[in-house]
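Following: one structure in structure tokens, then a few remarks.
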2 protein chains.
Amino acid sequence: MSETSLNEVAVDGRSRGSNQSGLRAHNERAVLSLIRRHGELAKADIARRTGLSAQTASVIMRSLENESLVIRDQPRRGRVGQPSVPMRLNPDGVLSFGLKIGRRSSELVVMDFVGQIRSNRTIRYTYPRVSDIVAFVERGHKELTAEIAPVLRDRVIGLGVALPFDIWSWAEEIGAPPADVAPWRDFDAEAELSAITGLPVYAANDATAACAAENVFGGSDCANFVYFFIAAFAGGGLVINGDLVQGRLGNAGALGSLPIPRKDGGSGQLIEFASLNRLETAITESDGDPDLILDTEGDWSELSGTLDNWLNEASRGLAYAVLSACSVYDFEDAIIDGAMPRPILDRLVRQTRREYETLNRKGISPVRFRSGNVGVNARSLGAASLPLFARFLLDQRITSGEAG
Amino acid sequence: MSETSLNEVAVDGRSRGSNQSGLRAHNERAVLSLIRRHGELAKADIARRTGLSAQTASVIMRSLENESLVIRDQPRRGRVGQPSVPMRLNPDGVLSFGLKIGRRSSELVVMDFVGQIRSNRTIRYTYPRVSDIVAFVERGHKELTAEIAPVLRDRVIGLGVALPFDIWSWAEEIGAPPADVAPWRDFDAEAELSAITGLPVYAANDATAACAAENVFGGSDCANFVYFFIAAFAGGGLVINGDLVQGRLGNAGALGSLPIPRKDGGSGQLIEFASLNRLETAITESDGDPDLILDTEGDWSELSGTLDNWLNEASRGLAYAVLSACSVYDFEDAIIDGAMPRPILDRLVRQTRREYETLNRKGISPVRFRSGNVGVNARSLGAASLPLFARFLLDQRITSGEAG
DNA sequence: CTTTAAATCACTAAAAGTTATTTATTGCGA
DNA sequence: TCGCAATAAATAACTTTTAGTGATTTAAAG
């Protein structure tokens, strides 16, 4: 390709043309996404399901096998005809780093191609500071890289970062001195962490990343869902046509900002009703121990009444939020996940569904409620999956035209 | 292509593969969309803007010229080098029918390739009945076809229909006997109108269709906007990455159903605040003439206080609706249009912007407000543009991979 | 040993890219 | 003012990449 740094005319972002390598890349992504969703598939299955010809499917699969992205399983006998050879993703095929930055802790993980966390590091704090996080990543990246088998080290394709938007504007809520969180305003995650790790860095909103994890690893077939992740803050994400929707500025699914009608008039943001920050405040006000809710394995039974009140508020807020989201787009599922014990989450989902059914849904298509399948780790896993999206997952964009 | 009606395995809707004709179709759509947006472009411009090679752009343009979809303009001299030959869409290249079904009237139009309405027919009623509409389309299609120059008759590519969702559920609001609107429940627009006209039929929600018109013919460069169309009902549409979002069930942008906080607690749907139905009711209650608002050219000055009250209510509702929509997706523009005089619409937009600025926008990306450029005809125009989407417009789906 | 289905080989078709060439201008120097 | 260099558009000729087709091979069931 020639030098085009001078004389280059802005290419129109909307009406991009495509070429044959784009076509092949698309088909490879389609194949990989399909295998990921089904666990394992024979070449013939892939041809049928993608609509590609058998030959094309065969060629693509062979090349993916050569790149060690897929491996062959035991041939399946028992049916008439030549046995089919199921192919599945090679867990060692690709590795990626994921960094979750939370209100009380951060986590750095190494994830393999099938979504297993291979190893991790955690740091706790009372509130997040840029300098601490950067140091943590620098040390963690070195240590975790050392733990990766040498032959696999060049399989690492990038670092994904899940971080709350506008951390600096939440100084009061998280009890941090404004001066300490101010550096977040100028923090360029892509540039600074890429300099440290030497990896391509992909950043996303934390709840959006969690949504990505639910989409890729949640094991559900639902291709259109609205997703809520309830942690210190409440946020969300969208999946439309099977693709994570990041938004024009990466701020799609800012569901924590949804205006929720108050019972006594006016409105408040969802985050004021449905965040664990809110629960923490309520616990403190009733002289309980707010650190209890950091234990996502416990049963939170000590919280009794305070928890019940929070669940009432949160579920009412979430019900309105789902209603608003479904007015904007006709989602099939509304999925709620969060940094809390499963039984509490399930109560939250049930109660939200009940609240939802009391609301005026005229003109809205029906929606199914369920809790997330990924759970507490969704943000770290989602962060680590961001580099996969960039290379191996269908993110949007299909040339139509029936193949086959 | 071989017979696959038997033995056919469901092709996976998400991970479709693609082929070379899909690639070419994509590139042709990209080229046509680009020309539409820019008015006219030389082949070399197209190559630069799509990222395609000059040769490919040339080949595609020649084939589009052969199909009479584009025509060449006067060569542009005055710059060094061979003069460039700007190409533009051929207005006669494609014709389509559009049917708007409204609460008080329906309209059938013939639209050309550049969005001009060539001719039209209108029918008025107190409420819409399936049998009347069907008869109207049958007669109108015959008459309008007769008005098309014989050589252009086979350029007609389809009929688009813009109709409110769930008409039958609004019997009370539109003052119709439930038995008279019940047939809408079983009305299959695609099948029945296709049988009458012999054309492919594409149906969409009326406000979604209006949004399509704003997107294609609005002349703005904004690729991400939320759109409201205020008529008897209030509805909306979404454009993301330059593409109309229709939704899983065609019910995306059901913005009339958005829950809006009431000042005195609880919530109501946007449509209760911001529809002309609401204004009509208010006029009737204050002993005014509700038919005044059917005159979209008038100045509505007779309505004075009633109109002011409605504008207050409507703009407050719309401000909340924009806030909710922008929490779900970070739109760049919020566009409001409707079946009302321009000056009234502009007041509505200004007041909505002011209301919006009083709301809590923490965590939300900034959004621009403006009134629609298409205006009252948006639904008819949008309906007629639906067949274009099916064939000639980039609707989604780009194979990535930098061409060139 | 026939039928079936997976997988692949050898070849064709379609699309886009590359390089060189043609064409029609402007602009500049003699 | 003429003529030639520079420039940019357009395209012809050819190459490369990709997918599809049809025939063939393989390995199993019945």
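Predicted model only: the values in this text are computed from it and were never measured. A, B, ... follow the sequence lines: proteins, then strands. Residue 1 opens every chain.
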Tell me the interatomic distance from A:R76, atom CZ, to D:dA27, atom C1', rounded to whole angstroms. 16 Å
Between CG of A:L23 and P of D:dG20 the distance, given in whole Å, is 8 Å
Here the distance between atom P of C:dA16 and atom CZ of A:R24, to the nearest Å, is 17 Å
Mind checking side-chain hydrogen bond (donor to acceptor under 3.5 Å, both in side chains) for A:E40 and listing every partner two or more places apart, or none if nothing turns up? A:R76
Find every protein N or O atom lying less than 3.5 Å from an N or O atom of nucleotides 9-11 of chain D, and list the pairs.
{"from": "D:dA9", "atom 1": "OP1", "to": "B:R48", "atom 2": "NH2", "distance (Å)": "3.4"}
{"from": "D:dA9", "atom 1": "OP2", "to": "B:R48", "atom 2": "NH1", "distance (Å)": "3.4"}
{"from": "D:dA9", "atom 1": "N3", "to": "B:Q82", "atom 2": "OE1", "distance (Å)": "3.4"}
{"from": "D:dA10", "atom 1": "OP1", "to": "B:V85", "atom 2": "N", "distance (Å)": "3.0"}
{"from": "D:dA10", "atom 1": "OP2", "to": "B:K43", "atom 2": "N", "distance (Å)": "3.4"}
{"from": "D:dA10", "atom 1": "OP2", "to": "B:A44", "atom 2": "N", "distance (Å)": "3.0"}
{"from": "D:dT11", "atom 1": "OP2", "to": "B:S58", "atom 2": "OG", "distance (Å)": "2.7"}

With sequence neighbours excluded, residues passing side-chain contact (heavy atoms from CB on, under 4.5 Å) with B:T208: B:N205, B:L244, B:Q246
B:N27 CG - C:dA14 P separation (whole Å): 17 Å
Backbone N or O of A:A42 within a donor-acceptor pair of the A:D45 side chain at under 3.5 Å? yes
Every protein N/O lying under 3.5 Å from an N/O of nucleotides 27-30 of chain C:
none

Run the salt-bridge test on A:D330 and B:R248 with the 4.0 Å N-O cut-off and return the result as yes or no. no
Partner set under side-chain contact (heavy atoms from CB on, under 4.5 Å) for A:S194, not counting sequence neighbours: A:V201
Whole angstrom is fine here: how far is it from CG in B:N19 over to C1' in C:dA15? 11 Å
State which residues pass side-chain hydrogen bond (donor to acceptor under 3.5 Å, both in side chains) with A:R62; sequence neighbours excluded, sorted by chain then number. A:S58
C:dG17, OP1 or OP2 - any side-chain N/O from B:T56 closer than 4.0 Å? yes
Send over the distance from A:Q20 CD to D:dT15 C1', rounded to a whole Å. 11 Å
What's the CD1-C1' distance between B:I46 and D:dA8, to the nearest Å? 16 Å
Heavy-atom pair of closest approach, residues A:E190 and A:A203: OE2-N, 3.5 Å
Can you confirm whether the side chains of A:Y227 and A:D333 place a donor and an acceptor under 3.5 Å from each other? no
On the six-membered ring of B:F113, is B:R36 placed so that its NZ or CZ lies under 6.0 angstrom from the centre and within 45° of the ring axis? yes
